Amino acid sequence: MGVLDRFEKGVEKVVSTAFAKAFRSEVKPVELASALRRELDDRAAVVGRDRTVVPNEFTIELSPADHQKVEAWGAEPLADELAANVTEHATHQRYAFVGPVTVAFVEDPTLEEGRFQVRSATVRGAVAPATTVAASVRHPLVDIDGQRYLLTGPVTVIGRGSEADIIVDDPGISRRHLEIRVTPDGVVASDLGSTNGTFVEGHKVPAATLVDGNTITIGRTRILFWTGVDEDEDR
């Protein structure tokens, strides 16, 4: 099954089969996914050895009629599916993001029904989807329940609340539970006064300097930490 086929299946799963049918004569979700993939390819920029950065924030401009249908059938789940499709494409192409991937829909009254425009930007954030297995001293990688994140900012907060940079759905985790700070002297994990504490390699600690391969446990969640040899990367 191809990437776009999986995308269509995902749309039907998170919204409904009727969603796809609603777009038969208007803008189709698969067309939006294809346009976002082209935007990645067209704006891919080589910034270092084995590192090609692509946009991570996307705005899709729709006609009033198409925008109304997107809102009626669920803009948020469709945006999530599109973001996942973009991330999958980036992984296959070995592109890199510098921040989280987001997709938003806006209405443009100048567009005719069935027409749309894609605008994109490269915006640095605290974390980004890890599209390769490569990690570095400057950009470590964490694996949380199989989902990998590249730490692109100097400080990353992990917790259950919406204000965290990485949100983990675990009742044993505090809203702002753990901070990972990348410093010139190493990467430091600090507990943020959580209820249940933070454990590094099985030991409860208020703070610890992490090394490659460390396991951090918060609540029932295990976080694997990876780093590597520093490379010439973008700033």
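Worth knowing before you read on, the calculation uses all heavy atoms, side chains too, and leaves out hydrogens, waters and symmetry mates. Note that this is a predicted model, so its numbers are computed, not measured.
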Please round to the nearest 0.5 Å and tell me the distance separating atom CG of Leu141 and atom CG of Asp143.
7.0 Å
Looking at Leu192, is its backbone amide N or carbonyl O close enough to the side chain of Arg176 to form a donor-acceptor pair, meaning the two atoms are under 3.5 Å apart?
no
Looking at side-chain heavy atoms only, is the closest gap between Asp108 and Phe116 below 4.5 Å?
no
Common cluster, Val127/Val86, ILVMFWY with side-chain heavy-atom separation under 4.5 Å:
no
Between atom OG1 of Thr156 and atom CG of Leu178, what is the distance when rounded to the nearest 0.5 Å?
9.5 Å
Spatial distance of atom NE2 (His203) from atom OG1 (Thr217) [nearest 0.5 Å]
11.0 Å
Within the distance-only criterion (no hydrogens, no angle test), does the side chain of His67 pair as donor or acceptor with the backbone N or O of Pro64 below 3.5 angstrom?
no
Given the rule that I, L, V, M, F, W and Y join up when any side-chain heavy atoms are under 4.5 Å apart, are Ile60 and Val101 in one cluster?
yes
Show the numbers, then the answer: is there a side chain to side chain contact (heavy atoms under 4.5 Å, CB included) between Tyr149 and Ile158?
CA-CA 11 Å; Tyr149 303 89; Ile158 301 174; over 6 Å; no
Rounded to the nearest 0.5 angstrom, the OG1-NE2 distance for Thr131 and His92 is 11.5 Å
So, do Ser120 and Arg43 sit near enough that their side-chain heavy atoms are less than 4.5 Å apart?
yes
Closest non-hydrogen atoms of Leu36 and Val118, given as atom of the first, atom of the second and distance, are CD2-CG1, 3.7 Å
Side chain to side chain contact (heavy atoms under 4.5 Å, CB included) test vs Val142 passes for just one of Thr227, Ile166, Leu224, namely Ile166
With heavy-atom distances below 4.5 Å as the criterion, would you say the side chains of Val187 and Thr209 are in contact?
no
Take atom CD of Glu71 as the centre, draw a 6.0 Å sphere, and report whether it contains more than 12 heavy atoms from other residues, nucleotides or ligands.
yes
Could you tell me if the side chain of Leu62 sits less than 4.5 Å from the side chain of Leu111, heavy atoms only?
no
Grab the two heavy atoms, one from Trp226 and one from Gly213, that are nearest each other, plus how far apart they are.
CZ3-CA, 3.6 Å
What is the minimum heavy-atom distance between Thr152 and Phe97, and which atoms define it?
CG2-O, 4.2 Å
Linking I/L/V/M/F/W/Y whenever their side-chain heavy atoms sit closer than 4.5 Å, directly or via other members, would Phe225 and Ile144 fall into one cluster?
yes
Can you check side chain to side chain contact (heavy atoms under 4.5 Å, CB included) on Asp66 and Glu113, steps first, answer last?
CA-CA 6 Å; Asp66 289 323; Glu113 188 172 4; 3.9 Å; yes
OG1 of Thr132 to CZ of Arg148: how many Å apart, nearest 0.5 Å?
9.0 Å
Val98, Val47: one ILVMFWY side-chain cluster at the under-4.5 Å cut-off?
yes
Which heavy atom of Leu150 sits nearest to which heavy atom of His139, and what is that distance?
CD1-O, 3.4 Å
Does atom CD of Gln117 have more than 12 heavy-atom neighbours from other groups under 6.0 Å away?
yes
Could you check Gln68 against Ser63 for side chain to side chain contact (heavy atoms under 4.5 Å, CB included), going step by step and ending with a plain yes or no?
CA-CA 8 Å; Gln68 183 177 3; Ser63 70; over 6 Å; no
Presence of salt bridge, Arg119 and Glu61, under 4.0 angstrom
yes
Quick check on the hydrophobic clustering: are Val205 and Val182 connected, directly or via other members, by side-chain heavy-atom contacts under 4.5 Å?
yes
Flag, side chain of Thr198 to backbone of Asp191, donor-acceptor distance under 3.5 Å
no
Donor-acceptor contact present, side-chain Asp165 to main-chain Val157, <3.5 Å:
yes
Does Pro100 offer a backbone N or O that forms a donor-acceptor pair with the side chain of Asn56 under 3.5 Å?
yes
For Asp170 against Arg160, the heavy-atom pair lying closest together
O-CD, 3.2 Å
Do other residues, nucleotides or ligands put more than 12 heavy atoms under 6.0 Å from the CD atom of Glu112?
no
Looking at CG of Leu40 and OG1 of Thr52, how far apart are the two atoms once the value is rounded to the nearest 0.5 Å?
11.5 Å
Any side-chain donor near an acceptor of the partner, Ser194 and Asn196, under 3.5 Å:
no
Does any N or O in the side chain of Asn214 come within less than 3.5 Å of the main-chain N or O of Val211, such that one atom is a donor and the other an acceptor?
yes
Heavy-atom closest pair (Ile173 atom, Gly159 atom, distance to 0.1 Å) is CG2-CA, 3.9 Å
